[in-house]
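Model, not experiment: these values are computed from the prediction.
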Amino acid sequence: MQSLLRLYFQLPLFIRLITIVFLTMTIFGFLIHIIEPANFPTFFDGLWWAIVTGATVGYGDYVPLSTMGKIVAMGLILSGGGLVTFYMATISATTVKHEKDLTEGKVDFKGSDHLVIIGWNERTRHLINMLEQQNLHERIVLIDRSMDRLQQNMASVHFVHGSATNEEILEKANVGKARMAIITADPSLEEEQSDQAVIHQIVSLKGHHPGLFIIAEVLTEKQKINAERAGANTVIRSNDFMSSLFYQELYRNDPVKPFELLLDLLTERQFHEEKINGNLVGISILNAYEHFLKEHYQIIGIKKGEDLSYDLHPDIILEEGDILVVFSPLRK
(Lines give C-alpha, C1' and ligand atoms only; values in the text may rest on other atoms or scores of the structure.)
Protein backbone atom coordinates (compact mmCIF):
# COMPACT_ATOMS: atom_id res chain seq x y z
CA MET A 1 0.00 0.00 0.00
CA GLN A 2 2.79 2.39 0.93
CA SER A 3 4.59 1.67 -2.35
CA LEU A 4 1.40 2.42 -4.29
CA LEU A 5 1.00 5.73 -2.49
CA ARG A 6 4.63 6.61 -3.21
CA LEU A 7 4.09 5.77 -6.89
CA TYR A 8 0.90 7.85 -6.95
CA PHE A 9 2.59 10.95 -5.53
CA GLN A 10 5.42 10.61 -8.04
CA LEU A 11 2.95 11.06 -10.89
CA PRO A 12 2.50 14.54 -12.45
CA LEU A 13 -0.14 16.68 -10.74
CA PHE A 14 -2.34 16.67 -13.85
CA ILE A 15 -2.44 12.84 -13.93
CA ARG A 16 -3.17 12.65 -10.19
CA LEU A 17 -6.05 15.11 -10.46
CA ILE A 18 -7.74 13.49 -13.43
CA THR A 19 -7.36 10.08 -11.70
CA ILE A 20 -9.10 11.37 -8.54
CA VAL A 21 -11.88 13.02 -10.58
CA PHE A 22 -12.50 9.88 -12.63
CA LEU A 23 -12.52 7.58 -9.57
CA THR A 24 -14.88 9.91 -7.70
CA MET A 25 -17.31 10.07 -10.62
CA THR A 26 -17.11 6.31 -11.06
CA ILE A 27 -17.96 5.68 -7.39
CA PHE A 28 -20.95 8.05 -7.39
CA GLY A 29 -22.15 6.74 -10.76
CA PHE A 30 -22.06 3.19 -9.47
CA LEU A 31 -23.85 4.13 -6.22
CA ILE A 32 -26.73 5.91 -7.97
CA HIS A 33 -27.12 2.98 -10.35
CA ILE A 34 -27.38 0.56 -7.39
CA ILE A 35 -29.73 2.81 -5.39
CA GLU A 36 -32.09 3.74 -8.25
CA PRO A 37 -31.84 1.10 -10.99
CA ALA A 38 -35.17 2.21 -12.45
CA ASN A 39 -34.02 5.81 -13.09
CA PHE A 40 -30.40 4.80 -13.89
CA PRO A 41 -30.74 1.45 -15.71
CA THR A 42 -27.05 1.09 -16.62
CA PHE A 43 -23.76 1.94 -14.94
CA PHE A 44 -22.94 4.26 -17.84
CA ASP A 45 -26.15 6.25 -17.19
CA GLY A 46 -25.03 6.67 -13.57
CA LEU A 47 -21.52 7.72 -14.66
CA TRP A 48 -22.96 10.22 -17.14
CA TRP A 49 -25.15 11.75 -14.44
CA ALA A 50 -22.22 11.93 -11.99
CA ILE A 51 -19.97 13.74 -14.48
CA VAL A 52 -22.71 16.17 -15.58
CA THR A 53 -23.65 16.90 -11.96
CA GLY A 54 -20.07 17.16 -10.71
CA ALA A 55 -19.24 19.57 -13.53
CA THR A 56 -22.29 21.70 -12.51
CA VAL A 57 -23.74 21.40 -16.02
CA GLY A 58 -27.01 19.79 -14.91
CA TYR A 59 -28.84 18.72 -18.09
CA GLY A 60 -31.69 17.21 -16.07
CA ASP A 61 -32.02 14.10 -18.26
CA TYR A 62 -31.30 11.90 -15.23
CA VAL A 63 -32.58 12.91 -11.77
CA PRO A 64 -32.49 10.92 -8.46
CA LEU A 65 -35.96 10.61 -6.94
CA SER A 66 -35.42 8.63 -3.73
CA THR A 67 -34.19 10.13 -0.46
CA MET A 68 -31.03 8.02 -0.54
CA GLY A 69 -30.44 9.01 -4.15
CA LYS A 70 -30.74 12.70 -3.27
CA ILE A 71 -28.27 12.23 -0.37
CA VAL A 72 -25.79 10.68 -2.82
CA ALA A 73 -26.37 13.64 -5.15
CA MET A 74 -25.66 16.11 -2.35
CA GLY A 75 -22.43 14.27 -1.52
CA LEU A 76 -21.46 14.43 -5.20
CA ILE A 77 -22.19 18.17 -5.42
CA LEU A 78 -20.20 18.93 -2.27
CA SER A 79 -17.19 16.77 -3.17
CA GLY A 80 -17.22 16.28 -6.93
CA GLY A 81 -18.05 19.88 -7.82
CA GLY A 82 -15.07 21.14 -5.86
CA LEU A 83 -12.82 18.52 -7.42
CA VAL A 84 -13.78 19.43 -11.00
CA THR A 85 -13.40 23.15 -10.27
CA PHE A 86 -9.97 22.56 -8.76
CA TYR A 87 -9.05 20.34 -11.71
CA MET A 88 -9.98 23.05 -14.25
CA ALA A 89 -8.21 25.76 -12.25
CA THR A 90 -5.08 23.60 -12.08
CA ILE A 91 -5.10 23.03 -15.84
CA SER A 92 -5.40 26.78 -16.43
CA ALA A 93 -2.62 27.58 -13.97
CA THR A 94 -0.37 24.87 -15.44
CA THR A 95 -0.92 26.20 -18.96
CA VAL A 96 -0.05 29.76 -17.91
CA LYS A 97 3.03 28.55 -16.00
CA HIS A 98 4.22 26.48 -18.95
CA GLU A 99 3.87 29.49 -21.27
CA LYS A 100 5.83 31.62 -18.78
CA ASP A 101 8.53 28.96 -18.45
CA LEU A 102 8.83 28.76 -22.24
CA THR A 103 9.46 32.49 -22.63
CA GLU A 104 11.94 32.42 -19.72
CA GLY A 105 13.91 29.50 -21.18
CA LYS A 106 13.16 26.95 -18.46
CA VAL A 107 11.58 24.20 -20.58
CA ASP A 108 13.61 21.27 -21.96
CA PHE A 109 13.73 20.82 -25.73
CA LYS A 110 12.61 17.30 -26.69
CA GLY A 111 13.23 17.36 -30.47
CA SER A 112 16.22 16.19 -32.51
CA ASP A 113 18.16 17.09 -35.67
CA HIS A 114 17.87 20.75 -34.71
CA LEU A 115 20.06 23.83 -35.06
CA VAL A 116 21.58 25.24 -31.87
CA ILE A 117 22.44 28.95 -31.88
CA ILE A 118 24.45 30.33 -28.97
CA GLY A 119 24.20 34.02 -28.15
CA TRP A 120 21.40 36.51 -28.82
CA ASN A 121 22.43 39.57 -30.81
CA GLU A 122 21.54 41.39 -34.01
CA ARG A 123 23.37 38.80 -36.14
CA THR A 124 21.37 36.00 -34.54
CA ARG A 125 18.09 37.84 -35.05
CA HIS A 126 18.87 38.48 -38.71
CA LEU A 127 19.89 34.84 -39.28
CA ILE A 128 16.64 33.54 -37.77
CA ASN A 129 14.64 35.98 -39.90
CA MET A 130 16.45 34.76 -43.03
CA LEU A 131 15.69 31.13 -42.20
CA GLU A 132 12.01 31.94 -41.69
CA GLN A 133 11.80 34.02 -44.88
CA GLN A 134 13.28 31.15 -46.90
CA ASN A 135 10.71 28.72 -45.37
CA LEU A 136 13.48 26.29 -44.40
CA HIS A 137 11.48 25.08 -41.38
CA GLU A 138 14.55 24.71 -39.18
CA ARG A 139 13.97 23.72 -35.57
CA ILE A 140 16.09 26.22 -33.67
CA VAL A 141 17.21 26.14 -30.05
CA LEU A 142 18.63 29.45 -28.83
CA ILE A 143 20.96 29.35 -25.81
CA ASP A 144 21.64 32.70 -24.17
CA ARG A 145 22.44 33.89 -20.65
CA SER A 146 22.14 37.65 -21.20
CA MET A 147 18.36 37.94 -21.48
CA ASP A 148 15.74 36.79 -18.98
CA ARG A 149 13.07 36.01 -21.55
CA LEU A 150 12.63 35.74 -25.31
CA GLN A 151 11.11 39.10 -26.16
CA GLN A 152 10.30 38.52 -29.82
CA ASN A 153 7.57 36.19 -31.02
CA MET A 154 9.47 33.51 -32.96
CA ALA A 155 7.45 30.34 -33.40
CA SER A 156 10.42 28.32 -34.71
CA VAL A 157 12.71 29.20 -31.77
CA HIS A 158 12.93 27.32 -28.48
CA PHE A 159 14.74 29.48 -25.93
CA VAL A 160 17.00 27.99 -23.23
CA HIS A 161 18.31 30.44 -20.65
CA GLY A 162 21.84 29.81 -19.43
CA SER A 163 25.45 29.31 -20.45
CA ALA A 164 26.50 26.87 -23.17
CA THR A 165 29.42 25.81 -20.97
CA ASN A 166 26.99 24.36 -18.41
CA GLU A 167 26.31 20.65 -18.88
CA GLU A 168 22.78 21.01 -17.50
CA ILE A 169 21.98 23.69 -20.10
CA LEU A 170 23.34 21.51 -22.91
CA GLU A 171 21.07 18.69 -21.71
CA LYS A 172 18.12 21.09 -21.61
CA ALA A 173 18.84 22.13 -25.22
CA ASN A 174 19.22 18.43 -26.19
CA VAL A 175 22.56 19.20 -27.84
CA GLY A 176 23.36 15.48 -27.96
CA LYS A 177 20.76 15.11 -30.74
CA ALA A 178 21.45 18.41 -32.52
CA ARG A 179 22.54 18.55 -36.16
CA MET A 180 24.62 21.71 -36.06
CA ALA A 181 25.62 24.55 -33.73
CA ILE A 182 26.47 28.19 -34.36
CA ILE A 183 28.44 30.11 -31.74
CA THR A 184 28.35 33.90 -32.07
CA ALA A 185 30.79 36.31 -30.48
CA ASP A 186 29.54 38.23 -27.45
CA PRO A 187 29.48 41.97 -28.36
CA SER A 188 29.36 42.96 -24.68
CA LEU A 189 32.87 41.57 -24.03
CA GLU A 190 36.27 42.76 -25.16
CA GLU A 191 37.60 40.98 -28.25
CA GLU A 192 40.04 38.70 -26.42
CA GLN A 193 37.47 37.79 -23.77
CA SER A 194 34.82 37.17 -26.40
CA ASP A 195 37.07 34.81 -28.37
CA GLN A 196 38.08 32.94 -25.22
CA ALA A 197 34.41 32.50 -24.34
CA VAL A 198 33.72 31.14 -27.86
CA ILE A 199 36.59 28.62 -27.56
CA HIS A 200 35.34 27.53 -24.13
CA GLN A 201 31.88 26.94 -25.62
CA ILE A 202 33.35 24.94 -28.52
CA VAL A 203 35.14 22.65 -26.05
CA SER A 204 31.93 22.18 -24.02
CA LEU A 205 29.85 21.36 -27.11
CA LYS A 206 32.42 18.91 -28.48
CA GLY A 207 32.73 17.24 -25.10
CA HIS A 208 28.97 16.80 -24.96
CA HIS A 209 28.51 15.81 -28.62
CA PRO A 210 31.84 14.91 -30.33
CA GLY A 211 30.26 14.60 -33.77
CA LEU A 212 28.49 17.97 -33.73
CA PHE A 213 29.24 20.28 -36.67
CA ILE A 214 30.18 23.68 -35.21
CA ILE A 215 30.37 27.09 -36.89
CA ALA A 216 32.11 29.58 -34.63
CA GLU A 217 32.62 33.34 -34.88
CA VAL A 218 35.86 34.87 -33.61
CA LEU A 219 36.94 38.50 -33.61
CA THR A 220 40.74 38.21 -33.69
CA GLU A 221 42.94 36.45 -36.24
CA LYS A 222 45.24 34.84 -33.67
CA GLN A 223 42.33 32.96 -32.03
CA LYS A 224 41.26 31.31 -35.30
CA ILE A 225 43.75 28.46 -34.91
CA ASN A 226 42.69 27.93 -31.29
CA ALA A 227 39.04 27.73 -32.31
CA GLU A 228 39.93 25.11 -34.93
CA ARG A 229 41.99 23.14 -32.42
CA ALA A 230 39.08 23.23 -29.98
CA GLY A 231 36.94 21.48 -32.60
CA ALA A 232 35.17 24.14 -34.69
CA ASN A 233 34.50 22.89 -38.22
CA THR A 234 34.17 26.39 -39.66
CA VAL A 235 35.60 29.59 -38.15
CA ILE A 236 34.25 32.95 -39.30
CA ARG A 237 36.41 36.02 -38.63
CA SER A 238 33.80 38.76 -38.63
CA ASN A 239 36.28 41.60 -38.12
CA ASP A 240 38.28 40.59 -41.21
CA PHE A 241 35.08 40.43 -43.25
CA MET A 242 33.96 43.88 -42.14
CA SER A 243 37.43 45.35 -42.81
CA SER A 244 37.27 44.03 -46.38
CA LEU A 245 33.89 45.65 -46.85
CA PHE A 246 35.20 48.96 -45.53
CA TYR A 247 38.12 48.74 -47.99
CA GLN A 248 35.80 48.04 -50.90
CA GLU A 249 33.58 50.96 -49.93
CA LEU A 250 36.56 53.34 -49.55
CA TYR A 251 37.99 52.71 -53.01
CA ARG A 252 35.01 51.97 -55.20
CA ASN A 253 34.79 54.01 -58.40
CA ASP A 254 31.23 53.30 -59.39
CA PRO A 255 27.75 53.65 -57.84
CA VAL A 256 27.54 49.96 -56.92
CA LYS A 257 27.63 49.65 -53.14
CA PRO A 258 29.54 46.47 -52.18
CA PHE A 259 27.79 45.94 -48.83
CA GLU A 260 24.24 46.06 -50.25
CA LEU A 261 25.32 44.01 -53.27
CA LEU A 262 26.93 41.28 -51.17
CA LEU A 263 24.06 41.24 -48.68
CA ASP A 264 21.45 40.79 -51.43
CA LEU A 265 23.59 38.12 -53.08
CA LEU A 266 24.10 36.05 -49.93
CA THR A 267 20.44 36.42 -48.97
CA GLU A 268 19.27 34.84 -52.23
CA ARG A 269 22.13 32.48 -53.14
CA GLN A 270 24.76 30.27 -51.51
CA PHE A 271 28.26 28.97 -52.24
CA HIS A 272 28.32 25.42 -53.51
CA GLU A 273 30.92 22.96 -54.88
CA GLU A 274 30.32 20.80 -57.95
CA LYS A 275 32.70 17.91 -58.59
CA ILE A 276 33.44 17.27 -62.27
CA ASN A 277 32.64 13.77 -63.55
CA GLY A 278 30.70 12.00 -66.27
CA ASN A 279 29.81 14.01 -69.37
CA LEU A 280 31.40 17.20 -67.97
CA VAL A 281 34.92 15.75 -68.26
CA GLY A 282 36.83 17.13 -71.25
CA ILE A 283 34.57 20.10 -72.03
CA SER A 284 35.64 23.73 -71.79
CA ILE A 285 34.62 25.89 -68.90
CA LEU A 286 32.69 28.01 -71.41
CA ASN A 287 30.44 25.03 -72.16
CA ALA A 288 30.23 24.34 -68.45
CA TYR A 289 28.84 27.85 -67.96
CA GLU A 290 25.98 27.04 -70.31
CA HIS A 291 25.37 23.69 -68.59
CA PHE A 292 25.14 25.15 -65.09
CA LEU A 293 23.15 28.24 -66.11
CA LYS A 294 20.28 25.88 -66.98
CA GLU A 295 20.21 25.00 -63.26
CA HIS A 296 20.52 28.69 -62.28
CA TYR A 297 24.10 28.08 -61.08
CA GLN A 298 26.84 30.64 -61.68
CA ILE A 299 30.50 29.51 -61.83
CA ILE A 300 32.87 31.78 -59.89
CA GLY A 301 35.98 29.64 -59.45
CA ILE A 302 37.70 26.32 -60.14
CA LYS A 303 39.77 24.05 -57.90
CA LYS A 304 42.36 21.77 -59.56
CA GLY A 305 44.01 19.64 -56.92
CA GLU A 306 44.94 22.01 -54.11
CA ASP A 307 44.96 25.12 -56.34
CA LEU A 308 41.87 27.32 -56.18
CA SER A 309 41.56 30.03 -58.83
CA TYR A 310 38.99 32.69 -59.55
CA ASP A 311 40.83 33.79 -62.73
CA LEU A 312 38.70 31.95 -65.28
CA HIS A 313 39.33 31.96 -69.06
CA PRO A 314 37.45 30.21 -71.88
CA ASP A 315 40.14 27.68 -72.83
CA ILE A 316 40.19 25.94 -69.43
CA ILE A 317 39.37 22.25 -69.96
CA LEU A 318 37.61 20.43 -67.15
CA GLU A 319 39.25 17.23 -65.89
CA GLU A 320 38.06 14.34 -63.74
CA GLY A 321 38.11 15.42 -60.08
CA ASP A 322 38.10 19.17 -60.73
CA ILE A 323 35.78 21.12 -58.47
CA LEU A 324 33.80 24.14 -59.61
CA VAL A 325 32.87 26.79 -57.05
CA VAL A 326 29.41 28.06 -57.93
CA PHE A 327 26.68 30.28 -56.62
CA SER A 328 23.46 28.29 -56.40
CA PRO A 329 19.91 29.15 -55.27
CA LEU A 330 19.28 28.72 -51.55
CA ARG A 331 17.95 25.28 -50.71
CA LYS A 332 14.18 25.09 -50.29
Under 4.5 Å between side-chain heavy atoms, counting indirect links through other Ile/Leu/Val/Met/Phe/Trp/Tyr residues: same cluster for [X] and [Y] or not?
| X | Y | value |
| --- | --- | --- |
| Ile215 | Val218 | no |
| Trp120 | Met180 | yes |
| Val157 | Met147 | yes |
| Leu76 | Ile27 | yes |
| Val325 | Phe327 | yes |

Residues [X] and [Y] bridged, charged N to O under 4.0 Å:
| X | Y | result |
| --- | --- | --- |
| Arg145 | Asp186 | yes |
| Glu221 | Lys224 | no |
| Arg237 | Glu217 | no |

Would you tell me whether [X] and [Y] have side-chain atoms, one donor and one acceptor, within less than 3.5 Å of each other?
| X | Y | answer |
| --- | --- | --- |
| Asn287 | Glu290 | no |
| Ser156 | Glu138 | no |
| Glu36 | Ser66 | yes |

### Message
Please check if the number of heavy atoms outside Lys304 that lie under 6.0 Å from its NZ is greater than 12.
### Response
yes
### Task
Look at atom CD of Glu295 and say whether more than 12 heavy atoms of other residues, nucleotides or ligands are closer to it than 6.0 Å.
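No, CD of Glu295 has 12 or fewer neighbouring heavy atoms, counting only those of other groups under 6.0 Å.
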Minimum heavy-atom separation for [X] to [Y], with atom names?
| X | Y | value |
| --- | --- | --- |
| Gly105 | Lys172 | O-CD, 4.0 Å |
| Ala288 | Leu324 | CB-CD1, 4.5 Å |
| Phe159 | Thr103 | CD2-O, 3.4 Å |
| Gly301 | Tyr310 | CA-CD2, 3.9 Å |
| Ala230 | Ile199 | CB-CG2, 4.0 Å |
| Ala164 | Leu170 | O-CD2, 3.3 Å |

Side chains of [X] and [Y], heavy atoms from C-beta outward: is any pair under 4.5 Å?
| X | Y | answer |
| --- | --- | --- |
| Ile117 | Val141 | no |
| Leu312 | Tyr289 | yes |
| Asn39 | Val63 | no |
| Leu115 | Ile182 | yes |

Taking [Y]'s backbone N and O only, do any of them form a donor-acceptor pair with [X]'s side chain (distance below 3.5 Å, no angle check)?
| X | Y | answer |
| --- | --- | --- |
| Ser243 | Asn239 | yes |
| Asp195 | Leu219 | yes |
| Lys206 | Pro210 | yes |
| Thr124 | Gly119 | yes |
| Arg139 | Ser112 | yes |

### Query
Who are the side-chain contact (heavy atoms from CB on, under 4.5 Å) partners of Gln196, not counting sequence neighbours?
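Once residues adjacent in sequence are excluded, the partners of Gln196 under the side-chain contact (heavy atoms from CB on, under 4.5 Å) criterion are Glu192.
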### Query
side-chain contact (heavy atoms from CB on, under 4.5 Å) with Thr26: which residues, sequence neighbours excluded?
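For Thr26 the side-chain contact (heavy atoms from CB on, under 4.5 Å) partners, ignoring immediate neighbours, are Phe22, Phe43, Leu47.
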Gap between atom [atom2] of [Y] and atom [atom1] of [X] - 0.5 Å precision:
| X | Y | atom1 | atom2 | result |
| --- | --- | --- | --- | --- |
| Ile118 | Ile143 | CD1 | CD1 | 5.0 Å |
| Ser328 | Glu274 | OG | CD | 8.0 Å |
| Ile323 | Ile302 | CD1 | CD1 | 10.0 Å |

### Task
In sequence, state the C-alpha distance, the side-chain angles, and the governing distance for Ser309 and Asp311, and then conclude on side-chain hydrogen bond (donor to acceptor under 3.5 Å, both in side chains).
CA-CA 5 Å; Ser309 174; Asp311 183 19; 5.4 Å; no
### Query
Under the criterion ring-ring contact (aromatic ring centres under 6.0 Å, His included), which of Trp48, Phe30, Phe28, Trp49 is the partner of Phe40?
Trp49
### Query
So Glu319 and Val281, side-chain contact (heavy atoms from CB on, under 4.5 Å) or not? Walk me through it.
CA-CA 5 Å; Glu319 301 174 350; Val281 176; 5.6 Å; no
### Task
Only one of Leu102, Asn174, Leu142, Ile140 passes side-chain contact (heavy atoms from CB on, under 4.5 Å) with His158; say which it is.
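With His158 as partner, side-chain contact (heavy atoms from CB on, under 4.5 Å) holds for just one option, Leu102.
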### Task
Please collect all ring pair (Phe, Tyr, Trp, His ring centres under 6.0 Å) contacts where either partner lies in residues 200-235, sequence neighbours excluded, each pair once.
none
### Task
List the steps and the verdict of side-chain contact (heavy atoms from CB on, under 4.5 Å) for Met25 and Leu23.
CA-CA 6 Å; Met25 299 306 164; Leu23 285 176; over 6 Å; no
### Task
Let me see the working for Val160 and Ile169 under side-chain contact (heavy atoms from CB on, under 4.5 Å), right down to the final yes or no.
CA-CA 7 Å; Val160 174; Ile169 298 302; 3.7 Å; yes
### Task
Assess whether side-chain hydrogen bond (donor to acceptor under 3.5 Å, both in side chains) is satisfied between Ser163 and Asn166, documenting all intermediate values.
CA-CA 6 Å; Ser163 171; Asn166 188 323; over 6 Å; no
#### Entry: Stepwise side-chain contact (heavy atoms from CB on, under 4.5 Å) check, His161 with Asp148
CA-CA 7 Å; His161 178 262; Asp148 296 329; 4.2 Å; yes
